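Ligands are counted one by one from 1 in listed order, and the atoms in each one are counted from 1 as well. Predicted model only: the values in this text are computed from it and were never measured.
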Amino acid sequence: MSRRMVLSAAFVASVVASTVSPARAQGELTVYCTVQEEWCRPMMAAFERATGINVAMTRRSSGETLTQIRAERQNPRGDVWWGGTGDPHLQAGEEGLTEEYRSPNLALLHPWAVQQAEQSGFRTVGIYAGALGYSYNTRELERRRIEAPRCWADLLKPAFRGEVQVADPNTSGTSYTMLATLVQLMGEEPAFTFLKGLHANINQYTRSGAAPARAAATGESLVGITFLHDAVTQKVGGAPVTIVAPCEGTGYEIGSMSIIKGARNLENARRFFDWALTAEAQEIGAQARSYQLPSNREAKIPAEAPRFEDVKLIAYDFVKYGSAAERNRILQRWDREVRAAQR
Ligand code: PLP
């Protein structure tokens, strides 16, 4: 082989290597992830393995992510918003912050997930569902000889003064789900009376929705209001918690996914969207100890997942409580009348 041929063979080999190098060949994707970090990471790694696309991921709560996407609207930095409660995804759709996309994989989903897509003009889609409730530290409760709570109303008792934790509904989709749930369950005036009473018993409004389940697990807070599946994660990890689906009834979330308007990597965003609706991708949740109900009909429901059949569920009005006007209005009322109240 002549020297020239060796050189050109080496050149061809290096060109081939750079073309087949998956990351370079397939490009980039920026995902705003709103589930727990423990689930975000394996999900992104699995997508990278499946496609060779390089994912840059950041994790924030639902309300915080909506605020960020809105702030970046003139110069969008994210491509996909994956996870988090459905109401802010619906609001983002209404505000024109997300792209319409009709994935061929919508055909694989439960009707409640497709309905979320239809109601948003195909700007979002349901990826999982879960009911709201609370958990308490069984050991601490027994030690302090407090009667076990079963209902929302029980959380107002003086025994729970400074012993209940929930997130701030401005940053957290979980907590906004609680706010909208109580308004639908009780009527708006009684709900705000309840929330003001609850305020006296709150030790901290956290930024992230699932944090109160961790606080109840360690006993740092006696009670944590979260989605039931967040409390299951703690229980499966060995924490001494009892999980309560409140006796009066409760609301639920349709965890959602949207493509951000002006996405720089639109084709890759659509690939992620399609892939995230597959059974294989949705089963990563349970492997990461996240026990929501998956939206893909073929995805295995984790044995630990709280079932809707066992919970008294309200008919949560996603169209109304995911609308910009209603969401902004009740959040502002909560800031004015609850957050700002003396304790
Ligand atoms: N993490 C999990 C496991 C969830 O189910 C949800 C709800 O969609 C969230 C996080 C959303 O969190 P936040 O309430 O902080 O917006």
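The N/O atoms of Ser290, backbone and side chain alike, include none that comes under 3.5 Å of an N/O atom in ligand 1. On a distance-only criterion, Val35 and ligand 1 share no N/O pair closer than 3.5 Å.
Within ligand 1, counting atoms from 1 as listed, the ones closer than 4.0 Å to a heavy atom of Gly173 are 13 (P), 14 (O), 16 (O). Ligand 1 places these atoms under 4.0 Å from at least one heavy atom of Glu253: 5 (O), 7 (C), 8 (O). Atom numbering of ligand 1 starts at 1 in the shown order; those under 4.0 Å from a heavy atom of His229 are 4 (C), 5 (O). Per-residue contacts place Asp230 under 4.0 angstrom from the following atoms of ligand 1 (heavy atoms of the residue considered): 2 (C), 3 (C). Ligand 1 places these atoms under 4.0 Å from at least one heavy atom of Ser62: 11 (C), 13 (P), 16 (O). For ligand 1, the atoms closer than 4.0 angstrom to any heavy atom of Thr34 are 9 (C), 10 (C), 11 (C), 12 (O). Of all atoms in ligand 1, numbered sequentially from 1 with element shown, those under 4.0 Å from a heavy atom of Thr174 are 12 (O), 13 (P), 14 (O). Those atoms of ligand 1 that come under 4.0 Å of a heavy atom in Gln292, given as number and element, are 2 (C), 3 (C), 4 (C), 5 (O).
Residue-level proximity to ligand 1 for Thr233 is absent, since no heavy atom of it falls below 4.0 angstrom. At a heavy-atom cutoff of 4.0 Å, ligand 1 is contacted by the side chain of Tyr128 but not by its backbone. By the criterion of a heavy-atom distance under 4.0 Å, both the backbone and the side chain of Ser61 are placed next to ligand 1.
Salt bridge Arg327/Glu94: absent, no basic N to carboxylate O contact under 4.0 Å. The existence of a salt bridge linking Glu38 and Arg289 is excluded, since no basic side-chain nitrogen approaches an acidic carboxylate oxygen closer than 4.0 Å. A salt bridge links Arg41 with Glu37: the closest approach of a Lys/Arg side-chain nitrogen to an acidic carboxylate oxygen falls below 4.0 angstrom. Checked for salt-bridge contact, Asp274 and Arg271 miss the test: no charged N lies under 4.0 Å from a carboxylate O.
Residue-ligand proximity: Ser208 is placed with a non-hydrogen atom under 4.0 Å from ligand 1. Distances from ligand 1 to the non-hydrogen atoms of Ala167 include no value under 4.0 Å. Ligand 1 does not have Glu64 within reach: every non-hydrogen atom of the residue lies 4.0 Å or more from it.
Heavy-atom proximity to atom 12 (O) of ligand 1, evaluated over Glu38, Arg59, His89, is greatest for Arg59.
To the nearest 0.5 Å, atoms CD (Glu326) and CG (Asp317) are separated by 9.0 Å. Atoms CD and CG, from Gln91 and Leu97 in turn, are 8.5 Å apart once rounded to the nearest 0.5 Å. The structure places CG of Leu266 at 10.5 Å from NZ of Lys261, a figure rounded to the nearest 0.5 Å. Note that CE of Met57 and SG of Cys33 are 5.5 Å apart. Values are rounded to the nearest 0.5 Å.
Looking only at atom types and distance, the side chain of Trp112 has no donor-acceptor partner in the side chain of Ser295 under 3.5 Å away.
Side-chain atoms of Tyr205 and Thr171, non-hydrogen and from C-beta on, never get closer than 4.5 Å to each other.
The nearest heavy-atom contact from the protein to atom 1 (N) of ligand 1 is Gln36 NE2, 2.9 Å.
Of all heavy-atom pairs spanning Tyr128 and Trp39, the tightest one is CD2-CH2, 3.8 Å.
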